[in-house]
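Quick note: residue numbers are just sequence positions, from 1.
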Amino acid sequence: MFLSIIRSSLAVLLGLALINPAGEGIKSTRASQHASVQVAPQTAAAQVEPKTAAPLFSFSVMSDVHILSSDSASQLLLRQALADHHELRPDSKLLVLNGDLTNGSEGDYRSLLALLSRQPHAPVQATMGNHDYYGVWRKPDGQMDYTKMNTSWTSRDAVALFDRMMGYDKPYHELVVEGYRFLFLSGEAYRDVDASINEDAYLSPAQLSWLSERLTAASSADAGKPVFVFLHQPLPQTLDGTDTELGVVQHKELRAILDAHPNVILFSGHTHWNIETTSQVKQLKFLAASSASIREVWSAKNEPETRLLSQSLVVDVYPERVVILRREHTEKRWIEPSIAKGYDMK
């Protein structure tokens, strides 16, 4: 077998196996993603790719790239991450940019697209994050003023800009890759519409209805096959760091839809919390996972780490399992353990 499943009653109960990137079973010495599941300290062997049968396909998940036309640091970090992903998975089928692509200006989007055009990468799909609405804070001179909204810019303008720059007709959509469904969700409104939205994702009834219909269709076609769902903001009270804000305005409705489909893996970003030192994968009735941040990683103190980090995910899809590998790009190393989720494809 590709993985040595941890002999833990909890791991068996959750249907998850924690592995290191060398493909070895993990012995018990330090706390890991789930209570009572422990893993060994990282070793040199953990930096080596598993030598196993090739997956059906792979894809990458990045979030919070925060590209600003004036910020060379954000552009450098994204270039490093793109190069790392391409070296690791040159035949990857998809690169997901899961929200907070920009600070909401057309210049930012043009800088992002120009950067992408200069480096090899898998085909890109994207979602909107709260920062992609930040044109509402931009003054006529281009400077940001977070105390006063720009009444000449609206949520509708932000969505239209995202759709136009990324080539969509609306901020949520579906893609099928190698027979597997990918569903991309986005918040559709910001504080100019309703101040209580704050930095949370507002999901319209139409988007929620669409999601429910697409998941039902996926279950009818093949109930055992995983479905990959992407939303920038995480559901509240799930992963570490998700108790500081609501995250999703319609979180109860979204949670009810996803709870009915245990084959879903929900990928989020937004909190920036470190995927190495905090719990950013959790088995609910579905699986939830965070991809941290490319631009700036935060600690469990909910503040930026004191050293430069840049993190994201590589996802390998096999016939009966999905393996989520976690990557730190500034040091070009794997973060152990990786997470394997099995599916009944019979």
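Under the 6.0 Å distance and 45° angle rule, K225 counts as a cation-pi partner of Y180.
Identified under the salt bridge (Lys or Arg N to Asp or Glu O under 4.0 Å) test for residues 189-215, with sequence neighbours left out: E174-R214, R191-E199. Applying the salt bridge (Lys or Arg N to Asp or Glu O under 4.0 Å) test to pairs two or more places apart or on separate chains, those with a residue in residues 142-170 are E106-R164.
Every residue was checked against the salt bridge (Lys or Arg N to Asp or Glu O under 4.0 Å) condition with E303, not counting sequence neighbours, and none meets it. Looking at residues two or more places apart in sequence or on another chain, you find no ring-ring contact (aromatic ring centres under 6.0 Å, His included) involving W153. Taking H131 as the reference, H66, Y134 meet the ring-ring contact (aromatic ring centres under 6.0 Å, His included) condition, with sequence neighbours excluded. When the salt bridge (Lys or Arg N to Asp or Glu O under 4.0 Å) test is applied to D84, the partners found at least two apart in sequence or on another chain are R327. Partners of Y202 by ring-ring contact (aromatic ring centres under 6.0 Å, His included), not counting sequence neighbours: none found. E188 is linked by a side-chain hydrogen bond (donor to acceptor under 3.5 Å, both in side chains) to S204, Q207, counting only residues two or more places apart in sequence or in another chain. Applying the salt bridge (Lys or Arg N to Asp or Glu O under 4.0 Å) criterion to R307, with sequence neighbours excluded, gives E331.
The shortest non-hydrogen separation linking I324 to S338 is O-CB, 3.3 Å. Across all non-hydrogen atoms, the minimal contact from I257 to S212 is CG2-CA, 4.1 Å. Counting all heavy atoms, side chain and backbone alike, H173 lies closest to W210 at O-CH2, 3.2 Å. Nearest approach of Y343 to P226, heavy atoms of both residues: CZ-CB, 3.6 Å. Contact between V264 and F286 at its shortest, heavy atoms only, is O-CB, 3.4 Å. Between N274 and T278 the shortest heavy-atom distance is O-OG1, 2.5 Å.
With hydrophobic clusters built from ILVMFWY side chains whose heavy atoms lie under 4.5 angstrom apart, L112 shares a cluster with M144. L308 and I67 fall within the same hydrophobic cluster, defined by Ile, Leu, Val, Met, Phe, Trp and Tyr side-chain heavy atoms under 4.5 Å apart, directly or through other members. In this structure, L215 is not a member of the same hydrophobic cluster as I265, with clusters built from ILVMFWY side-chain heavy atoms closer than 4.5 Å. L94 is connected to V317 through a chain of hydrophobic side-chain contacts under 4.5 Å among Ile, Leu, Val, Met, Phe, Trp and Tyr, so both are in one cluster. Follow the hydrophobic side-chain contacts under 4.5 Å out from Y109 and you reach L82 in the same cluster.
Counting only distance, with no hydrogens or angles, the side chain of E87 and the backbone of P90 share no donor-acceptor pair below 3.5 Å. A donor-acceptor contact shorter than 3.5 Å is absent between the side chain of S209 and the backbone of P205. Between the side chain of Q119 and the backbone N or O of R79, at least one donor-acceptor pair lies under 3.5 Å. Side-chain atoms of Q311 never come within 3.5 Å of backbone atoms of H329 as a donor-acceptor pair (strictly under, hydrogens ignored). When atom types are taken as modelled, the side chain of Q250 and the backbone of L203 share a donor-acceptor pair closer than 3.5 angstrom. Remark: the backbone N or O of L116 is paired with a side-chain donor or acceptor of H121 at under 3.5 angstrom. Side-chain atoms of D132 come within 3.5 Å of backbone atoms of L101 as a donor-acceptor pair (strictly under, hydrogens ignored). A distance-only check finds no donor-acceptor pair linking the side chain of D240 to the backbone of A300 [under 3.5 Å]. Looking at R326, its side chain never comes within 3.5 Å of a backbone N or O of E276 through a donor-acceptor pair. Side chain of S92 to main chain of S58: a donor-acceptor pair is present (N/O by atom type, distance under 3.5 Å, no hydrogens or angles).
To the nearest 0.5 Å, the span separating OG on S69 from CG on L115 amounts to 12.5 Å. Rounded to the nearest 0.5 angstrom, M128 CE and L161 CG are separated by 8.0 Å. Taking OG of S186 as the reference point, atom CG of L231 lies at 7.5 Å (rounded to 0.5 Å). Interatomic distance, CG of L56 versus OH of Y318, reported as 9.0 Å (0.5 Å rounding). Rounding to the nearest 0.5 Å gives a distance of 5.0 Å between NZ of K285 and CG of D259. For the atom pair CD (E253) and CG (L211), the distance works out to 12.0 Å, reported to the nearest 0.5 Å.
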Check the pair L258 / L235 against side chain to side chain contact (heavy atoms under 4.5 Å, CB included), numbers first and verdict last. CA-CA 11 Å; L258 298 179; L235 284 163; 4.2 Å; yes
Under the criterion side chain to side chain contact (heavy atoms under 4.5 Å, CB included), I'd like the reasoning laid out for R181 against F228: C-alpha separation, chi angles, the key distance, then a yes or no. CA-CA 6 Å; R181 292 179 193 260; F228 306 105; over 6 Å; no
Run V136 and T154 through side chain to side chain contact (heavy atoms under 4.5 Å, CB included) and show every step you take. CA-CA 6 Å; V136 77; T154 67; over 6 Å; no
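Exactly one residue among M62, H85, R89, H86 makes a side chain to side chain contact (heavy atoms under 4.5 Å, CB included) with L95. That residue is M62.
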Could you pull out every donor-acceptor pair under 3.5 Å between side chains of residues 241-249 and any protein atom, sequence neighbours left out?
residue: T242; atom: OG1; partner: Q237; partner atom: N; Å: 3.2
residue: T242; atom: OG1; partner: T238; partner atom: N; Å: 2.8
residue: T242; atom: OG1; partner: L239; partner atom: N; Å: 3.3
residue: T242; atom: OG1; partner: L239; partner atom: O; Å: 2.5
residue: T244; atom: OG1; partner: G241; partner atom: O; Å: 3.3
residue: E245; atom: OE2; partner: H270; partner atom: NE2; Å: 2.3

Side chains of residues 288-296: which donor-acceptor partners sit under 3.5 Å, not counting sequence neighbours?
residue: S290; atom: OG; partner: A292; partner atom: N; Å: 3.1
residue: S291; atom: OG; partner: S63; partner atom: OG; Å: 3.0
residue: S291; atom: OG; partner: S268; partner atom: O; Å: 3.4
residue: S293; atom: OG; partner: D64; partner atom: O; Å: 3.4
residue: S293; atom: OG; partner: H272; partner atom: ND1; Å: 3.3
residue: S293; atom: OG; partner: R295; partner atom: N; Å: 3.2
residue: S293; atom: OG; partner: E296; partner atom: N; Å: 3.1
residue: S293; atom: OG; partner: E296; partner atom: O; Å: 3.0
residue: R295; atom: NE; partner: D71; partner atom: OD2; Å: 3.0
residue: R295; atom: NH2; partner: D71; partner atom: OD2; Å: 3.4
residue: E296; atom: OE1; partner: W298; partner atom: NE1; Å: 3.0

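Inter-residue side-chain proximity for L287 and V281 is flagged as met; some heavy-atom pair is nearer than 4.5 Å. Under the 4.5 Å side-chain criterion, counting only non-hydrogen atoms from C-beta, Q125 is not in contact with L97.
Relative orientation of the Y168 and F162 rings is tilted, given thresholds of 30° and 60° on the angle between their planes. In this structure, F267 and F59 have perpendicular ring planes: the angle between them is above 60°, well past the 30° mark.
Annotation for L309: hydrophobic cluster partners, listed by chain and number, are V297 (ILVMFWY side-chain heavy atoms under 4.5 Å, direct or chained).
Taking the six-membered ring for Trp and the full ring otherwise, F184 and Y172 have centroids separated by 6.0 Å or more.
Side chain to side chain, K332 and Q80 fail the donor-acceptor criterion of an N or O pair below 3.5 Å.
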